[in-house]
Amino acid sequence: MKLLSCAAVAALTAGMTATVSFAQMLEPTTPPAAPVFDAQGEPVFANRADIFEYRALDSYSEPEYVAAFVAAGLLPPVEERLPNEPLIYSAANMPDGVGTYGDTMRHVIGGRPEGWAYIAGNGQGWGGIDIGMYECLTRTGPLFMVNPEDLEPMPGLAKSWEWSDDGMQLTINLIEGAKWSDGDPFDAEDVMFYWDDHVMDPEITPLNGATQDTFGEGTTLEMVDAFTVRFTFTTERPEQVLYAMAYGTFCPGPSHVMRPEHPAYSDNSYEGYRNAFPPDYMNFPVMGAWVPVEYRSDDIIVLRRNPYYWKVDETGQQLPYMDEMHYRLSTWADRDVQAVAGTGDFSNLEQAENYVESLRRSADPDSPARLAFGPRTIGYSVYPNLSGNGWGEPDDRSQAARELNRDANFRMGISSALDRVRLGESLVKGPFTAQYPGGLYPGTSYYDEASTVFYPYSLETAAGYFEQAGLVDTDGNGFLNWPDGSAAGDGDVQLTLLHTIDYQTDKNLAEGFVAMMEEAGIKVALNSLSNNDMDAARDSGRFDLHLRRNQSELITVVQRTTELAPVGPQTAISHQANEAGELDLLPFEEEMVTLVNAFIATTDAAERSEIMKTYQQLRTEYLYDIGLIAYPGALIINKRFSNIPEGAPIFMFNWAEDNIIRERVFVASDAQADHELHPDTLPGAPGSSGPVSAN
């Protein structure tokens, strides 16, 4: 038991009316033990140098049908399409060794693509489409298998980097001689176009990209030469920027195609620019392994191999091994069903409602798919809108809700009113779900149980906290009323909960939250939106409470570190600046900001550990987020696929589509299936109708 937490409860309950006595109030404690779950796979660790290297080989090879394009004069020889020193994957690190060409990986997704202008804010529908198309300066997905003492992002389009002696500058060396999928050279102009005309343009709202806060206030980027750029910082050696250069915060777009449509260089509006490359714009140039060649609305997206892809295996075979990627446009629940049934090949099993049936079916020896569970890194929280000074221009009711949210008693009341065991069991029975207090995840590098504060379920305790926040049932109808002087008047307290309808788990948790708040006397109305609309509502501050599945900053800490606290006007999802750029941080938030900045400023491992202990205590004690449940995910993969790393989590540094390094995944010749929709074809010219043949 934490002395600080006990003292906090004593202070909060001092002077409380006789309605709820101190004896009835449960004190905060450390989190209860999670159920034992033995089905988790363990990764095989390696140093980064054991996974890849950059160097030239004596010769290179490609699939026979691609060689036919070269023979027909439609494509340069493979050695001319590769960089001077391609990225080479080591066979020793491949679970099943060097692969063979051919076959298709069939994905099923529940999202719908908006277009290909990723850096302008278009969503690709998730499910791994963007990860297959775009490459970034660095890469983090495979880091789950990197030895902790060698933990640093893997290079990508940035081949290497060097810090200045004073740590105030970071020089980035880009790969030389690499080309976009249409053959146009990749160089520093593409990087600067992303930085100058997207990151630094306040009119651009990236869907999952960098903002002006991501790399630190006052940070600049300059072009040194055609293959070198240099960051200049206002703080010493902010190593977290190496993680911020990975998916999806620094994945440049093709400037030779996008610049003519940008408002700075055309008569386009920003909305026109964002929509200049719709889903039916085929062969959009990419640096990733696969290129879009077919789109059928509400049916399928097909990607074909990129003939200019800049990676090879150690025998010189140009990657990827697989020729085609399919993305059936269905539902997220259907993705799991089809992967288990064998009509799909890959799924991140993350909807807990599907676990029992998926396990039962995969246990059949004749099942086409296998399941591999990882750690409990899927967790949900409810985030109160903590802005009190006008973010999103709230009306009187919304302003009153935010004033309640800013009262720690109210947040403690919400947490105490949550029966997390019942929430978990409403999704799935068995040893899957654990009670989650919020903050950093158990089992991850910086988690410390003794620094984690948990508010046990107790409606009596919740009532005590609510009373301290000035909430009482003045009209006897079973619901608490707004406190005296509230901008919302004196009626029943009613809040809105923003959540996505794209995932059944989110919908179930939202409904459970509403029911439990009603038991505690708080009315909550659901604002149920699709993912993209939900993101827009959240980013504009139009919510009281936001139910969200947490992201990588609470797992790795070293990634998306600035999102751990409102260190800048737009870094936090639940507290951003008003139109004047002003943040009205609560005292505990100010402390969190100081801690996050201190974490970023030091590279000392012991110091970072201590910083995160204090951060975790502040975050969980004052309930920056109100945790719900956490559970493990499972990778569902068709048994015919080889080179799937052991213990690959569905989500850690990135999603499993990146973790498994899809460009080196292959299907043995005797296991290949005839699923290709565009065999023996390659992506055509940008804007053309689809793939082209060598014949």
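A side-chain donor-acceptor contact under 3.5 Å links R48 to the backbone of P153. A donor-acceptor contact shorter than 3.5 Å links the side chain of W290 to the backbone of M322. Between the side chain of E261 and the backbone N or O of N268, no donor-acceptor pair lies under 3.5 Å. The closest donor-acceptor contact from the side chain of T232 to the backbone of M168 lies at 3.5 Å or more, if one exists at all. The backbone N or O of A246 lies less than 3.5 Å from a partner atom in the side chain of T138, making a donor-acceptor pair. At least one donor-acceptor pair under 3.5 Å links the side chain of K179 to the backbone N or O of E80. In this structure, the side chain of W310 engages the main chain of M287 through a donor-acceptor pair within 3.5 Å. Listed for the Q551 side chain is a donor-acceptor partner under 3.5 Å among the backbone atoms of R549. Looking only at distances, a side-chain donor or acceptor of N306 sits under 3.5 Å from a matching main-chain atom of G288. With hydrogens and angles disregarded, no donor-acceptor distance shorter than 3.5 Å links the side chain of R662 to the backbone of A289.
Taking the side chain as every heavy atom from C-beta outward, L682 and F69 approach each other to under 4.5 Å. Here the side chains of M258 and I119 are in contact, with some heavy-atom distance below 4.5 Å. At least one side-chain heavy atom of L564 sits under 4.5 Å from a side-chain heavy atom of V557. In this structure, K311 and I88 have side chains that are not in contact, with every pair of non-hydrogen atoms separated by 4.5 Å or more. The shortest side-chain heavy-atom distance between N122 and R274 falls under the 4.5 Å cut-off. Using a 4.5 Å cut-off on side-chain heavy atoms (C-beta onward), N283 and D182 make no contact. Under the 4.5 Å side-chain criterion, counting only non-hydrogen atoms from C-beta, F346 is in contact with I660. Taking 4.5 Å as the limit, every side-chain heavy atom of W195 sits out of range of all side-chain heavy atoms of V229.
Listed here is the closest heavy atom pair of A656 and L635: CB-CD1, 4.0 Å. The minimum heavy-atom distance linking L75 with P307 is given by the pair CD2-CB, 4.0 Å. Between T681 and R304, the closest heavy-atom pair is O-NH2, 3.0 Å. Considering every non-hydrogen atom in both L529 and M534, the closest pair reads CB-N, 3.8 Å. Shortest non-hydrogen contact noted between S693 and L74 is O-CD1, 4.0 Å. Nearest heavy-atom pair across L57 and T315 is CD1-C, 4.4 Å.
For the atom pair CG of N532 and CD of E114, the computed distance is 4.0 Å after rounding to the nearest 0.5 Å. Here the CG-OH distance, from L151 to Y243, works out to 4.0 Å after rounding to the nearest 0.5 Å. To the nearest 0.5 Å, atoms CG (N659) and CE (M145) are separated by 8.5 Å. Atom CD1 of I51 and atom OH of Y89 lie 9.0 Å apart (nearest 0.5 Å). Interatomic distance, M652 CE to T556 OG1, rounded to the nearest 0.5 Å: 9.0 Å. Atom-to-atom distance recorded for R112:CZ and S297:OG is 8.0 Å, nearest 0.5 angstrom.
A donor and an acceptor atom, one from each side chain of D190 and W180, are located under 3.5 Å apart. Between the side chains of E176 and Y54, not a single donor N or O lies within less than 3.5 Å of an accepting N or O. Side-chain contact annotation: N47 with N147, donor-acceptor N/O pair under 3.5 Å present. Counted by atom type alone, H675 and D345 present zero donor-acceptor pairs between their side chains at under 3.5 Å. Of the N and O atoms on the side chains of S61 and Q317, not one donor lies less than 3.5 Å from an acceptor on the other residue. A donor atom on one side chain and an acceptor atom on the other are found under 3.5 Å apart for R81 and Q318. Side-chain contact annotation: N643 with Y321, donor-acceptor N/O pair under 3.5 Å absent. Side-chain contact, T140 with N654: no donor N or O sits under 3.5 Å from an acceptor N or O. Under the 3.5 Å distance criterion, with hydrogens and angles disregarded, a donor-acceptor pair is assigned to the side chains of E657 and N348.
Within a 6.0 Å sphere centred on CG of D674, heavy atoms belonging to other residues, nucleotides or ligands number 12 at most. Enclosure of atom CD in E162 by more than 12 non-hydrogen atoms of other residues, nucleotides or ligands within 6.0 angstrom is indicated. E217 CD: 12 or fewer foreign heavy atoms inside a 6.0 Å radius.
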Go through it in stages, so that I can follow the logic: the residues are R305 and Y65, the test is side-chain contact (heavy atoms from CB on, under 4.5 Å), and I'd like the CA-CA distance, side-chain angles, deciding distance and then a yes or no. CA-CA 12 Å; R305 68 178 303 113; Y65 79 90; 2.8 Å; yes

Using the salt bridge (charged side-chain N to carboxylate O under 4.0 Å, His left out) rule, take D103 and R640 through it: C-alpha gap first, then chi angles, then the decisive distance, then the call. CA-CA 10 Å; D103 215 313; R640 75 179 193 277; 3.2 Å; yes

Going through the checks in order, is the side-chain contact (heavy atoms from CB on, under 4.5 Å) test met by L87 and Y309? CA-CA 10 Å; L87 185 149; Y309 196 52; over 6 Å; no

Quick one: do V241 and F250 satisfy side-chain contact (heavy atoms from CB on, under 4.5 Å)? Show the steps, please. CA-CA 10 Å; V241 302; F250 214 122; over 6 Å; no

Does the pair D313 and R664 meet the rule for a side-chain contact (heavy atoms from CB on, under 4.5 Å), with working shown? CA-CA 8 Å; D313 65 26; R664 68 180 198 180; over 6 Å; no

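With Y134 as the fixed residue, the ring-ring contact (aromatic ring centres under 6.0 Å, His included) test singles out one of W116, Y247, Y118: Y118. Of the candidates Y273, F277, Y194, H262 forms a ring-ring contact (aromatic ring centres under 6.0 Å, His included) with just one, namely Y273.
Residues satisfying the ring pair (Phe, Tyr, Trp, His ring centres under 6.0 Å) test with F227, not counting sequence neighbours, are none.
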